[in-house]
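Data first, discussion second: the structure below is written as C-alpha cells.
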Amino acid sequence: MIRIGYAGINTGLPTSSRTFRLGGYTEQRMLQVAQANVSALENILKWNEENGIHLFRITSNLIPFGSHPVNSGSWKQALSDDFERIGRFVKESGMRVSMHPGQYTVLNTPDKGFFASALRDLEYHSSVLDLMGLDENHKIVVHGGGAYKNKELYLGILKDRIAELPPAIRKRLVLENDELVFHAEDILTLCREAGLPAVLDVFHHEVLPSFPDKDIRQIIIFFGQTWPGARQKIHYSDQDPEKRRGSHSGSVDVHRFGKFLDRVRDLELDIMLEVKDKQSSVLRLRETFPDLK
DNA sequence: GGAAGTCAAGTCTCG
DNA sequence: CGAGACTTGACTTCC
C-alpha cells in the first residue's frame, strides 16, 4: 500500500508558519503567534483527515524562533494542552507526521557553536513531537551536512555526532540524501552503520546519482531495509523547468509519477511530495491513481 | 494593493 | 578571501 502526503502548508487554508522579525521579538508576541500557528496546524490536520490524507510534514516555523536563544521555551508549558489534544487526534486518525529542519541545521559542522545551534534545533523539533505524545514513527528528517573537502572524514564525524545525540532525538532521527554532497549510497551506508532509517529523496537521487548499476526500485528496497518493523518513507518531486537544477517543481507531473508508481506499487511506502502546490498534487494523484491512499 | 526586497541560520561556488 | 547563491514562505517596505 502506498500513502502520499504533503509538506508544511496547505495552500487553501490559513498558514501555520506565521512569524515576525527577530528585532520585534517579545515573549508575548512569540506566544501569540505560536498559539495561532498551532491552531492553524490543527485545522490543517482536520482538513487532511476529512480528505483522507494521513501523511503530513509539520512546518519548522510552527513556533517563531523555536530554536533561537532568544526564545525562553515558555511555549511548551503554554501550549501543552493544545499539543496533547492535536497529538491525540493524530493518533486516533492513524496519521503520521514528521518534521524537517532546514539547510542551516548541520550535524557534522566543525564549528562548535554551529553544532550547538544544530542540537538546539533538533531539541526544538523533538519537543514538538514529544508534546504531542507521538512515538518514534513520527520522524525528524535531516540531511548529512557538509563535506568540507573531505567527505569520508566528515561522514565519520557525522556518525560520531549521531551516536552522541540524546536518545530522545536519535530515536526520531532519519537521514536523507541531498543533491550536492551526500548521495543515496553515502546515506544508506552511513545509516546502516549508525542504525538509523534512511529516506531516499528520489529527485535528489536523479540530480546527484549513485548506485550506477541499480534502478530506482532496487534502491528503494535497499533503503527499506533500514526501516525494520516500520513503514518506509521516501520523498518525491520533479525538476522545476524554469529554475536551477535541483529546484522543486510547482506540482507533480502525473504521467511521470505514474511511471514511477508502476515500479513500486506493490511496496509499503509513505511518499512525501515536495512540490509547491502541496495538497493539490496529493488530491490530483489520488484521483488519477485510485489505489493510492 | 501589488511588487520588490528582507529575513535566524551554514555551506558551497564563483570571481 | 569576500560576495552571492541556494531555499522558503511570510513579512515589510516601497511605490
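- B/dG5 and C/dA5 have their P atoms separated by 12 Å, given to the nearest Å.
- For A/Ser17, whose side chain is taken as the heavy atoms from C-beta onward, the closest listed nucleotide among B/dG10, B/dC12, C/dA10 is C/dA10.
- Comparing C/dT12, B/dA8, B/dT11 against the side chain of A/Pro110 picks out B/dT11 as the nearest.
- Salt-bridge formation is not detected for the pair A/Lys293/A/Asp270: no Lys NZ or Arg NE/NH1/NH2 atom is positioned less than 4.0 Å from an Asp or Glu carboxylate oxygen.
- Nearest nucleotide to the side chain of A/Tyr148, out of B/dT11, C/dT12, C/dT8: B/dT11.
- Nucleotides C/dA3 and B/dT6 are separated by 16 Å at their P atoms, to the nearest Å.
- Judged by distance alone with a 3.5 Å cut-off, a donor-acceptor contact links the side chain of A/Arg21 to the base of B/dT6.
- Nucleotides of DNA chain B nearest to A/Asp121 and A/Lys149 differ in position, and the one nearer the 5' end is that of A/Asp121.
- Between A/Arg231 and A/Glu268 there is a salt bridge, with a side-chain nitrogen of the basic residue lying less than 4.0 Å from a carboxylate oxygen of the acidic one.
- Taking atom CZ on A/Phe203 and atom C1' on C/dC6, their separation rounds to 13 Å, with Å as the unit.
- Atom CZ of A/Phe65 and atom C1' of B/dA9 are 11 Å apart (whole Å).
- In this entry the distance linking CG of A/Leu22 with P of C/dC11 reads 15 Å, nearest Å.
- Pairing for B/dG2 is with C/dC14, a Watson-Crick or G-U wobble pair whose two hydrogen-bonding atom distances lie under 3.5 Å.
- For A/Gln28, the CD atom counts as loosely surrounded, since its 6.0 Å shell holds 12 or fewer non-hydrogen atoms of other residues, nucleotides or ligands.
- In this entry the distance linking CG of A/Asp111 with P of B/dA9 reads 13 Å, nearest Å.
- No engagement by A/Thr105 is indicated, since no non-hydrogen atom pair under 4.0 Å with the nucleic acid exists.
- A/Lys278 has its NZ atom 9 Å from the C1' atom of C/dG9, to the nearest Å.
- Across all strands, A/Asn61 comes closer than 4.0 Å to base atoms (heavy-atom distances).
- Nucleotides C/dT13 and B/dA8 place their P atoms 12 Å apart, quoted to the nearest Å.
- Separating the NE2 atom of A/His68 from the P atom of B/dC7 is a distance of 13 Å, rounded to the nearest angstrom.
- Residue-level contact check: A/Arg29 touches the backbone only, with heavy atoms under 4.0 Å from sugar-phosphate atoms and none from bases.
- With B/dG10, B/dC12, C/dC11 as the candidates, the nucleotide lying closest to the side chain of A/Thr19 is C/dC11.
- The side chain of A/Ala147 lies closest to B/dC12, out of C/dG9, B/dT11, B/dC12.
- Taking the six-membered ring where tryptophan is involved, the planes of A/Tyr236 and A/Phe257 are perpendicular, since the angle between them exceeds 60° and thus also 30°.
- Looking at A/Asp277 and A/Arg284, a side-chain N of the basic residue comes within less than 4.0 Å of a carboxylate O on the acidic one, giving a salt bridge.
- Taking the six-membered ring where tryptophan is involved, the planes of A/Tyr6 and A/Trp47 are perpendicular, since the angle between them exceeds 60° and thus also 30°.
- Partner assigned to B/dA9 is none, using Watson-Crick or G-U wobble distances below 3.5 angstrom.
- The separation between A/Tyr104 atom OH and B/dT11 atom P is 11 Å, rounded to whole Å.
- Remark: P of B/dG10 and CG of A/Leu158 are 17 Å apart, rounded to the nearest angstrom.
- Within the 4.0 angstrom heavy-atom criterion, no nucleotide atom of any strand lies near A/Ala118.
- The nucleotide whose nearest atom lies closest to any side-chain atom of A/Leu180 is, among C/dC6, B/dC12, B/dA8, B/dC12.
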